Amino acid sequence: MAGWNESQLRKYNIKMEKIPTLQYDDPKVDSLLTNNKPVLIKGSKLVSRVLKWDLDYLTEHMNSTCCNVLISKNHKFKYYDQKKITPNMTFKPISRPSPMIFSEFAKQIKDWKKGDSRLYMQQVLNNSISQRIVNDFVKFNWDWIISKQNVCKWGSLTSNLLLIAQEGNVTPCHYDEQQNMFASIRGYKRFILFPPSEFECLYPHPVHHPYDRQSQVEFDNPDYIKFPKFKEARGYEVIVGPEDVLYIPMYWFHHVESLMHGGYTVSINFWFKAESVEKIEYPLLDHHKIVIMRNVEKMLAEALHDPSEVGTMLKTIVLGRYT
Ligand SMILES: O=C(O)C(=O)C[C@H](CCCc1ccccc1)C(=O)O
Ligand SMILES: [Zn+2]
């Protein structure tokens with residue numbers, strides 16, 4: 001029994017291949033990591049000593065901690081950057097922050113009824129969390145993950161996000177600018193990943209939009225008129241279960257869902273800065289091209305002193321000349 005079945009997955013019309021699953025001591029793991037290729041790693045025991053982190057345990061030890069909780073009218077939790085919301089912008093996000101103390105969050109999860117707004121706790125773990133949580137934190141298999149950080153010459157560990165989602169919650173397709181080792185503590189999460197080269201098929205929002213880095217395409221109801229190339233998107237799928245670790249290469253797009261009818265999920269990610277010395281080598285890698293495109297959008301907004309003029313100028317440069 002795999003612990004899950006296909007009926008728990010949301011249905012999308014996307015071509016998907018499998019992501020390789022390897023034991024942590026398989027030498028192929030390091031070659032995939034160092035080549036920025038996703039891999040599901042089994043047996044690392046990265047978080048094996050905190051498998052007790054369930055709602056009751058965390059309520060007992062994080063009881064009065066105020067946590068970052070998102071609330072959504074539907075099952076989607078599309079992250080947005082508050083700093084990019086300008087006064088003259090009408091921005092109506094579906095999910096919004098609703099900070100609450102942990103025990104309140106746990107209670108709302110337990111009492112949740114169909115039709116209620118959904119909740120998703122996404123809390124950066126730092127030393128302001130209770131002493132017991134800090135004591136557990138040191139029990140992660142740091143030797144292993146630090147050995148991966150060194151093999152891959154990643155920069156410093158920047159943060160760990162503790163994620164507690166209700167069954168069926170979705171984090172829509174987006175990319176992050178850091179290397180990510182994602183560990184499941186409880187429950188099953190389905191990931192759909194796309195390499196940075198699929199940028200043209202996923203239509204991320206403009207860099208200056210609050211939804212920067214997030215795909216504009218609604219996977220469960222794609223607008224093929226506005227986003228015709230989405231039909232050609234080729235993804236990779238994997239189910240991450242308890243104690244599994246998924247390597248999500250930086251700039252790889254990923255859609256994440258907590259399986260339906262699987263109960264709440266508890267996960268923790270490990271975000272690392274990119275290579276400490278990222279010397280650009282040619283030919284460029286696909287993720288370098290995303291960095292270049294981002295820099296062009298930023299530089300134009302800077303030069304024009306108005307992000308809303310960037311699209312017009314890009315069209316002037318390209319239409320009729322490069323098309
Ligand atoms: O670990 C990752 O990168 C994920 O995407 C995991 C995802 C939650 C991430 C929320 C988020 C997205 C963008 C910016 C900041 C926070 C999930 O597990 O639902
Ligand atoms: Zn992410």
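Here the structure is a predicted model, which is why all the values come from computation and not from measurement. Numbering of ligands and ligand atoms starts at 1, following listing order.
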Residues, nucleotides or ligands: over 12 heavy atoms within 6.0 Å of Lys315 NZ = no
Please say which of Arg294, Lys298, Lys83 ends up in a salt bridge (Lys or Arg N to Asp or Glu O under 4.0 Å) with Asp212.
-> Arg294
The Zn ion (ligand 2) has as its nearest N, O or S atom from His174 the atom NE2
the protein heavy atom lying closest to atom 3 (O) of ligand 1 turns out to be Asp176 OD2, 2.8 Å
Atom 18 (O) of ligand 1 - nearest protein heavy atom and its distance | Lys189 NZ, 2.8 Å
Under 3.5 Å donor-acceptor, Arg49 side chain and Asn141 backbone = no
Taking only non-hydrogen atoms of Gln122 and a 4.0 Å limit, the atoms of ligand 1 in range are 10 (C)
Here the atoms of ligand 1 under 4.0 Å from any heavy atom belonging to Tyr120 are 17 (C), 18 (O), 19 (O)
A student checking ligand 1 against Leu163 at a 4.0 Å heavy-atom cut-off should list atoms 8 (C), 18 (O)
With the Zn ion (ligand 2) as the point of reference, which N/O/S atom of Asp176 is the closest?
-> OD2
Could you see which bit of Phe77 sits under 4.0 Å from ligand 1, with heavy atoms only: side chain, backbone, both or neither?
-> neither
Who's closest to atom 7 (C) of ligand 1 heavy-atom-wise, of Val240, Thr171, Thr265?
-> Thr171
Is there a path of hydrophobic side-chain contacts, each under 4.5 Å between heavy atoms of I, L, V, M, F, W or Y residues, that connects Ile268 with Ile248?
-> no
When you measure from atom 4 (C) of ligand 1 to every protein heavy atom, which one gives the shortest distance, and what is it?
-> His254 NE2, 3.9 Å
Closest His254 atom to the Zn ion (ligand 2) [N, O or S only] | NE2
Would you find a donor on one side and an acceptor on the other, under 3.5 Å apart, between the side chain of Arg132 and the backbone of Met62?
-> no
Among all protein heavy atoms, pick the one closest to atom 2 (C) of ligand 1 and tell me residue, atom and distance.
-> Asn180 ND2, 3.3 Å
Ligand-side contact atoms (ligand 1) for residue partner Asn269, heavy atom cut-off under 4.0 Å = 1 (O), 2 (C)
So between Tyr79, Phe191, Phe270, whose heavy atom ends up nearest atom 14 (C) of ligand 1?
-> Tyr79
Atom 12 (C) of ligand 1: which protein heavy atom is closest, and how many Å away?
-> His174 NE2, 3.7 Å
Does NZ or CZ of Lys45 fall inside the cone over Tyr24's six-membered ring, less than 6.0 Å from its centre and within 45° of the axis?
-> no
Relative to each other, are the rings of Phe199 and Phe253 parallel, tilted or perpendicular (30° and 60° limits)?
-> perpendicular
Ring geometry between Trp142 and Phe140 (parallel below 30°, tilted from 30 to 60°, perpendicular above 60°) | tilted
Determine whether more than 12 heavy atoms belonging to other residues, nucleotides or ligands lie under 6.0 Å from atom NZ of Lys231.
-> yes
For atom 6 (C) of ligand 1, state which one of Phe253, Phe182, Tyr80 supplies the nearest heavy atom.
-> Phe182
Classify the angle between the aromatic ring planes of Tyr203 and Phe227 as parallel (below 30°), tilted (30 to 60°) or perpendicular (above 60°).
-> tilted
